[in-house]
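In what follows, a single structure is set out as structure tokens and then discussed.
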There are 2 protein chains.
Amino acid sequence: MTQIDIRAFLRHQPLFQQLSDEQLEGLVPSTQEVRGIKGQVVFQRGDVCDGMYLVVYGRVKLAITSSQGAEKVIEIINPGQSFAEAVMFLGQRYPVMAQLLEDSLLLHVASDSIIAAIHRDPVFACRLLSGLSQRLHGLVRDVERYSVENAIQRVIGYLLQNDEGGEEGVGHVVSLPVNKNLIASRLNLTPETFSRVLHQLSEAGLISVNGREIILINPRLLAGYGAQNGR
Amino acid sequence: MTQIDIRAFLRHQPLFQQLSDEQLEGLVPSTQEVRGIKGQVVFQRGDVCDGMYLVVYGRVKLAITSSQGAEKVIEIINPGQSFAEAVMFLGQRYPVMAQLLEDSLLLHVASDSIIAAIHRDPVFACRLLSGLSQRLHGLVRDVERYSVENAIQRVIGYLLQNDEGGEEGVGHVVSLPVNKNLIASRLNLTPETFSRVLHQLSEAGLISVNGREIILINPRLLAGYGAQNGR
DNA sequence: CGCTACTTTGAAAAAGGTCAAACCCGGTGG
DNA sequence: CCACCGGGTTTGACCTTTTTCAAAGTAGCG
């Protein structure tokens, strides 16, 4: 039976990321772990919505079932994601059913506490809104990245993004926070491709790679490298 | 001087999509068109935030400038997107500067009206939250689609998604709402690839294409087709 | 010293994109 | 009625990018 840190988990949700410690703490009593085995139904379509869910581990299928019994999967929810928030905010009944695809651990946050907090404290609502807005911008950026930029541009974009040296001087150093496998995955590349791109950039004299330390030799040139079509 | 329908435009924003007509109408007086030419600065870093912006046409660059004058682009905002909402909800000053990359038309929605509405009416806040949540789910789905599914799977996913026939019987018909060029683009494919995939599925006897009318001959088989790795 | 996990490299294959040409089809005007 | 657009769509040949598979390095660490 895994022990998890509810506070830490809530904190990392887009919805809650902007909340103050006290505001977050206020939600903890209304949050409870929901463990279930594969195939278990979390809620049925038409049930009264009493809160939202966060997936800690496992996977959840949201689906509707027609009168004939044909099932239509609306969405698969993966770890780290949440579901039923939109319904909760509207105070409607669940328009879909939720079923566990694997043995899973969910967190259930009661709608009472969230809705009450919104009513009691408009600033609370604003923080939720801000958190979601930020996440939305991040996702939009990702979608654009994946769809219009190629591997080289994505890597360059990542390096530039993580180059915190605002100074004009020398020595822009980016140190990768995790292993290259994960970076590659986040950029939607295979580790091999990522490695090759770094090699290529290094070949071109634009960066210098030493383990997880990457020196941007000429950020300006780097930003221009790989720009092919002047849209 | 293009004339635009402010109500219709607001209505299609994720943030506002769940608002009632009256709630939306309440925002209109606080919304004004902002036209500007390429290079114009919409706001500077550090300015007091007095509202959020929607891009009708044109493009906006969000950037910060270091003390040395080096500029770092944080984000490019395209038509249909909004910016500065997150800051507005937090009531902070703008952490970036915004500059037009092209001659543009923006809509400015005053923070007063939105924040006031949130304070006055918690349901208003909930609707904003619901709209954002829904959009977030849609984007997450898109990101997953683009990154883990190949062309065939994306097309199949689209067809299944747009097959409204919940009935078990025959004749699942999907009629494309717009021309295939646009569908292809939405699926992040070239029109050629889209055409080829339809051909291939039709070849396999899973669908039958007649102009914009596509008949799903065997949705069940279709759903399984192209599933390659049993991760 | 010898793991084990991470990273790099090479060769081959697959997926998808690009370019160019053909095609289809509804509308238009002779 | 029919030739002739012109957009959308399809097809084929070719090319680029990225992945895949396999193998070899490499580095940290018990």
Side-chain angles (χ1 to χ4, degrees), chain A residues 142-159 162 173-215 224-231, chain B residues 142-159 162 173-215 224-231:
Chain A
D142 283 354
V143 169
E144 290 182 348
R145 280 258 159 103
Y146 294 161
S147 47
V148 315
E149 295 184 354
N150 62 20
I152 297 177
Q153 291 173 312
R154 294 210 292 279
V155 171
I156 292 177
Y158 177 84
L159 292 177
N162 290 66
V173 177
V174 175
S175 45
L176 306 182
V178 293
N179 71 40
K180 296 187 183 179
N181 261 314
L182 291 179
I183 305 282
S185 158
R186 182 147 186 297
L187 294 173
N188 201 22
L189 305 167
T190 57
E192 292 96 326
T193 302
F194 183 54
S195 170
R196 283 186 246 264
V197 169
L198 286 182
H199 184 78
Q200 181 182 343
L201 291 176
S202 152
E203 202 71 343
L206 294 169
I207 66 176
S208 157
V209 183
N210 185 6
R212 288 191 190 165
E213 297 283 310
I214 299 176
I215 299 171
Y225 190 83
Q228 69 288 30
N229 56 355
R231 95 138 34 183
Chain B
D142 283 355
V143 169
E144 290 182 348
R145 281 256 158 104
Y146 294 162
S147 46
V148 317
E149 295 184 354
N150 63 22
I152 297 177
Q153 291 173 312
R154 294 209 293 279
V155 172
I156 292 176
Y158 177 85
L159 292 177
N162 289 67
V173 176
V174 176
S175 47
L176 306 182
V178 293
N179 70 40
K180 297 188 181 176
N181 263 315
L182 290 180
I183 305 281
S185 157
R186 181 142 190 302
L187 294 174
N188 201 21
L189 302 169
T190 57
E192 292 96 328
T193 301
F194 184 53
S195 170
R196 282 187 248 263
V197 169
L198 287 182
H199 184 76
Q200 180 181 343
L201 292 177
S202 150
E203 204 65 349
L206 295 169
I207 65 175
S208 157
V209 183
N210 185 6
R212 288 192 191 164
E213 297 284 309
I214 299 177
I215 300 172
Y225 190 82
Q228 70 288 31
N229 56 357
R231 85 147 41 188

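Side-chain atoms are counted along with the backbone in the values below, which use heavy atoms only and exclude waters and symmetry mates. Reminder, nothing fancy here: chain letters follow the sequence lines and each chain counts from 1.
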Flag if over 12 foreign heavy atoms under 6.0 Å of CZ, A/R186: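 It does not: A/R186 CZ has 12 such atoms or fewer within range.
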Min side-chain heavy-atom separation [X]-[Y] under 4.5 Å:
| X | Y | result |
| --- | --- | --- |
| B/D142 | A/Y146 | no |
| A/R212 | A/V178 | no |
| A/V155 | A/Q200 | no |

If you only use heavy atoms from C-beta on, which nucleotide in D/dT17, D/dT20, C/dG17 is closest to the side chain of A/T190?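 Between D/dT17, D/dT20, C/dG17, the one nearest the side chain of A/T190 would be D/dT20.
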Counting side-chain heavy atoms from C-beta on, which of C/dC6, C/dT9, D/dT18 comes nearest to A/E192?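 Closest nucleotide among those given: C/dT9.
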Report the distance from atom [atom1] of [X] to atom [atom2] of [N], rounded to the nearest whole Å.
| X | N | atom1 | atom2 | answer |
| --- | --- | --- | --- | --- |
| B/N210 | C/dG26 | CG | P | 11 Å |
| A/R212 | D/dT26 | CZ | C1' | 14 Å |
| A/I152 | D/dT18 | CD1 | P | 7 Å |
| B/R196 | D/dG12 | CZ | C1' | 8 Å |
| A/Q200 | D/dT16 | CD | C1' | 13 Å |
| B/L189 | C/dG16 | CG | C1' | 9 Å |
| A/K180 | D/dA27 | NZ | C1' | 12 Å |
| A/L198 | C/dT8 | CG | C1' | 11 Å |

Give a yes/no on whether any side-chain N or O of [X] is located under 4.0 angstrom from OP1 or OP2 of [N].
| X | N | answer |
| --- | --- | --- |
| A/H199 | C/dT8 | no |
| A/T193 | D/dT19 | yes |
| A/N179 | C/dC6 | yes |
| B/S195 | D/dT9 | no |

More 5' along DNA chain D: B/L182 or A/R154, using each one's nearest nucleotide?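 Residue closer to the 5' terminus by nearest nucleotide: B/L182.
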Mark yes or no for whether B/R145, through its side chain, and B/R154, through its backbone, hold a donor-acceptor pair below 3.5 Å.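 Judged by distance alone, no pair lies under 3.5 Å.
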